[in-house]
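Before any comments, here is the structure.
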Amino acid sequence: MIETGKSWRTDGDDITLVFVAAGRDEIDLAYLGPRLPDGEDLSALVRAGTFGLHENEPDAPRIGGLLPQAHDGYRGRPAYQIRSGKRQADCGFQLAHIQANGPNMMATWVEKSTGLQVDMSWEIVGPRTVEVTMELMVDDEGDILLDSASSLSMPLPRRFNHMTAFSGRWAREMQAKTTRIGPQAIEMRSANGKPGFDAGNWLVFHGDDGQNNDADCLGIHASSCGDHMTHVVQDQDGRTCLSIEALRQPGGIALNASDITNLGQITLILGDNQDHLTQLFHDHVRTNVLPQRTDWGPRKVHLNSWEALAFDLDEAKLKTLASAAADLGIERFVLDDGWFKGRRGDDAGLGDWQVDEAIFPDGLTPLIDHVHGLDMDFGLWVEPEMVSPDSDLYRAHPDWCLHDDRADRPTERNQLVLDLSREDAFAYIHDALTALLDNHDIAYLKWDHNRRLFPDNGLQQFAIQRLLGKLRQQYPAVEIESCSSGGGRVSFSMLQYCHRIWPSDNNDPIERLRIMESWTRFLPFEILGNHVGPSPNPITGRRTDMDFRAKVALFGHMGVETNPAAMSEDERAILRAHIALYKQWRDVLHGGAFRQLRHPESSIYGQMVLSGQRALAVVAQTAFAENFNVAPVRLPGLDADTLYSVTLPKPWPQKSSAYLADPDAWESGFVLSGRALAERGLALPLTYPETAWLIAIEEQKS
Ligand code: GLA
């Protein structure tokens, strides 16, 4: 039995965690913050942070801690709900072992009536980054069903009394909503067999309304690519427990003897402020998550055929599109949906991953050769996890889809999901993809996923990771983009295998600015696809200038998803010039430190990336400004005493540029210090809606 009050400390370069034995079998988190001095008296820290008893609570209050249990008066959500046979198991987890070693704390609990063992690890993996993992194991051939299991339960440090979560929907992903944490329990869940557009897997906890950038904050990500259920519950004494369950299945999960069930990883990052948190997330993603990112070449400009041609494909049209793309400076041609057998619309063909002879009488090779001849590489859209009822695959193997024998087979977007936990279905898809990649020179796969999993057997997320892992090993040079009707499946567990995500189907630049503002809080630009779409936009109907669309798309992994033939000569010239600018600046955009630029006018969005002695910013106005002359745009984060040359790279937004006081100086460059740029800022004409400026900042050579 571990003595109450005993504490353990783990340290990273810039963070300390202190755990304390709080009561029988309970471990509490006594400190999560910047690194404590080596000599800190942990016993004093714990005692000074402990409240005395009040009149209305058990004499030995249960606090839940890192493994809350439903017994002895604990009223919150238990970490585990298990059944053994027909009865609810007692959930009597006993702490068997705990140790802290350098940056790692490990603890083991064993449930006494079932023998279920829980191994928990909190490991500091970066200056301010902690990864939490939980594993379950059962020794005997018990008949154990897991109704719910938490990947993380933790008491939230009291200074974090607000939460920003990101809910959304198709084409309007990641809407940031800030809530004051109070007595009402918050539940956020996805029930799609994927994280979906629901909130709860990307969270920021902070101590204010989230508008300021001056207080510390805790970012949390649940890395599962399946479902999650997140609870934030405050008890009557003001203690808040956060729990994230990342492995869920209606009816419970059966545990087999000796299997180790990994409950998915949770990443916690502590920032001094929101900008710092973002930088730490980007560093973590670049260093620890993305597949061998240091080997990546420059992120090539894409032309994607979807919003240019949709299903209206033939070899001649695609060759014309590819030639027009090359003329703009595009470097990769991605053939989207519609190329495979029987796929003339979204109601047939998924599963039949053979090239459609009606469109490509001589196969894909003539198109690929044409693309290569234009000095571009070739990418291809696939949706391997799906099957259309109208397909040869389904006709041959109707039982290969996820289904319930007692019920109908309801579709979404006319499709069903292949059960990849079946070895035969897995082997078929693996072979189909292998044949495509072996027989064609394909540099890139856009991997889509457009139907929720209903029913869900809970195994699909593991099968898909296995498939992606296998393909990455076989074809390490092939890049993969993860798309799920836009940003419906974005998680670190997917990003372990992928080089890019598709943040949204919505290419409308006004919508996209907001969507990118949310994604960039966690993910760097080099993995966020950002495309120039058509005008009017097919989703919002909004018309916008090419100049505005191109400036917005430049901040990300740039692409074009519209037909150059439908543009005027002027528009093509503007787009070509922005593609050239992207190439000139992508080393900065894709490796530098990100800054959100805050402006008093809420309709102005600004982002800047700094790398070495260079920085590029975009400032965009979406509405009609309150004052004709909006407040100067301030650029914090540069070196205060360094002198920089500041220019506005051309092309300029036409109407607004007439209001520049000194156009020649904006072209040749003002020389200003980092301090002047941060404090006084730049007077830019940003009155009109849909106006954007690029600002180039380069250290003045003496
Ligand atoms: C999904 C994707 C789109 C496009 C279409 C093709 O909706 O999100 O980008 O690839 O499928 O059917």
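Numbers here are sequence positions counted from 1. Indexing begins at 1, ligand by ligand and atom by atom, following the structure's order.
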Within 45 degrees of the axis of the six-membered ring of Trp502 and under 6.0 Å from its centre: does Lys446 put its NZ or CZ there? yes
Measure from NZ or CZ of Arg286 to the centre of the six-membered ring of Trp296 and say whether it is under 6.0 Å with the direction within 45° of the ring axis.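 So Arg286 doesn't make the cation-pi contact.
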Whether [X] and [Y] hold their rings parallel, tilted or perpendicular, with breakpoints at 30° and 60°:
X	Y	result
His557	His302	perpendicular
Trp353	Trp339	tilted
His284	Phe492	tilted

Residues 164-171, side-chain donor-acceptor partners within the protein, below 3.5 Å, at least two apart:
residue, atom, partner, partner atom, Å
Thr164, OG1, Thr178, OG1, 2.8
Thr164, OG1, His206, NE2, 2.6
Ser167, OG, Lys177, NZ, 3.4
Trp170, NE1, Asp505, OD2, 3.0

Atom pairs, nitrogen or oxygen, ligand 1 to protein, under 3.5 angstrom:
residue, atom, partner, partner atom, Å
ligand 1, 7 (O), Asp505, OD2, 3.2
ligand 1, 8 (O), Gly486, N, 3.3
ligand 1, 8 (O), Asp505, OD1, 2.6
ligand 1, 8 (O), Asp505, OD2, 3.0
ligand 1, 9 (O), Lys446, NZ, 2.8
ligand 1, 9 (O), Asp505, OD1, 3.4
ligand 1, 10 (O), Asp336, OD1, 2.7
ligand 1, 10 (O), Asp336, OD2, 3.3
ligand 1, 10 (O), Trp381, NE1, 3.1
ligand 1, 10 (O), Lys446, NZ, 3.0
ligand 1, 10 (O), Asp448, OD2, 3.4
ligand 1, 11 (O), Asp448, OD2, 3.1
ligand 1, 11 (O), Asn450, ND2, 3.4
ligand 1, 12 (O), Asp337, OD2, 2.6
ligand 1, 12 (O), Arg413, NH1, 3.0
ligand 1, 12 (O), Arg413, NH2, 2.9

